[in-house]
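See structure below.
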Amino acid sequence: MKTALFPGSFDPVTNGHLDIVSRARAIFDRVIVGVAMNDDKSALFSIEERKEFLNAVYGGKDGIVVESFTGLLLNARRDFKATAVVRGLRAISDFEYEFQMAMMNRELDKEFETVFLMASPDYSFVSSRMIKQIVMLGGDVAMFVPEIVAQALEEKRKNRKIKE
Ligand code: ADP
């Protein structure tokens, strides 16, 4: 049984992430979507909220599991018994950081394998950060995120968590 770990901040999850998950699931028997818990005070959504959105999309779906993890990714990969870590590549700008991470992780753990999936052209320009910026400026992001996320973003904007 081949398991992939797809780690990220998912603050919040976008259709670009979902595309990577479903494509990874076509290759691996099981995909663990791993929400990284770090001390990022600038995160808009709590870990619980981020997991809730992912579970709303994937709850009960065969072979897709939502988890969270702290600390080093290489330890999480081992703990989850994942064969590989999956990352999405949107642009050349993603490449340098991802390349460095993959090399470092393999240096520290010889069994660490990273699998890169190229972003679909439909979503290559979608990032959680840009989604938040668009909502902040009063724009509509419904076509880029699951409905539950669009609603939650709107709530945040109304409550002025995202300032206009
Ligand atoms: P991180 O903070 O680890 O970059 P993100 O939630 O921003 O976390 O992204 C998690 C993973 O999803 C990364 O590998 C990122 O490149 C990928 N990703 C994000 N948005 C997209 C997208 N629109 N298309 C494809 N991959 C994406």
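Computed from a prediction, not measured in an experiment: that's the story for all the values here. First listed ligand is number 1; within each ligand, the first listed atom is number 1.
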Answer yes or no for F125: is there a heavy-atom contact with ligand 1 below 4.0 Å? no
What atoms in ligand 1 come closer than 4.0 Å to a heavy atom of F10? 6 (O)
Quick one: nearest non-hydrogen protein atom to atom 20 (N) of ligand 1, plus distance? R90 NH1, 3.3 Å
Protein contact of atom 4 (O) of ligand 1 - nearest heavy atom, named by residue and atom, plus distance: R87 NH2, 3.5 Å
Output the list of atoms in ligand 1 that are nearer than 4.0 Å to some heavy atom of I20, sorted by atom number. 25 (C), 26 (N)
Does a side chain donor of either S128 or D11 reach within less than 3.5 Å of an acceptor in the other side chain? no
Contact check, P7 vs ligand 1, heavy-atom distance below 4.0 Å: yes
In ligand 1, the atoms that come under 4.0 Å of a heavy atom of F6 are 11 (C), 12 (O)
Find the distance between CZ (R23) and CE (M118) and round it off to the nearest 0.5 Å. 9.0 Å
Determine, step by step, whether F95 and L89 satisfy the side-chain contact (heavy atoms from CB on, under 4.5 Å) criterion, reporting the C-alpha distance in whole Å, the side-chain angles of both residues, the deciding distance to 0.1 Å, and the verdict. CA-CA 7 Å; F95 181 81; L89 284 181; 4.3 Å; yes
I'd like to know if the side chain of S68 and the backbone of M37 have a donor-acceptor N/O pair within less than 3.5 Å. no
Do any nitrogen or oxygen atoms of D11 come within less than 3.5 Å of a nitrogen or oxygen of ligand 1? no
Considering only the protein, which heavy-atom contact is closest to atom 2 (O) of ligand 1, and what is its distance? S9 OG, 2.7 Å
For G16, counting its heavy atoms only, list the atoms of ligand 1 lying under 4.0 Å from any of them. 22 (C), 23 (N), 24 (N), 25 (C)
Go through F45 and L153 one step at a time and tell me if the side-chain contact (heavy atoms from CB on, under 4.5 Å) criterion holds. CA-CA 9 Å; F45 293 104; L153 282 165; 3.8 Å; yes
Can you see whether Q151 engages E155 through a side-chain donor-acceptor pair at a distance of less than 3.5 angstrom? no
Of all protein heavy atoms, the one nearest atom 18 (N) of ligand 1 is H17 CD2, 3.8 Å
Scan Y123, Y58, F10 and name whichever one has a ring pair (Phe, Tyr, Trp, His ring centres under 6.0 Å) with H17. F10
What's the shortest distance from atom 24 (N) of ligand 1 to any protein heavy atom, and which residue and atom give it? A119 CB, 3.5 Å
Within the side chain of E49, is there an N or O that forms a donor-acceptor pair under 3.5 Å with the backbone of S46? yes
Looking only at protein heavy atoms, which one is nearest to atom 14 (O) of ligand 1, and what is the separation? G88 N, 3.0 Å
Using a strict cut-off of less than 4.0 Å between a Lys/Arg side-chain nitrogen and an Asp/Glu carboxylate oxygen, indicate whether R87 and D94 qualify as a salt bridge. no
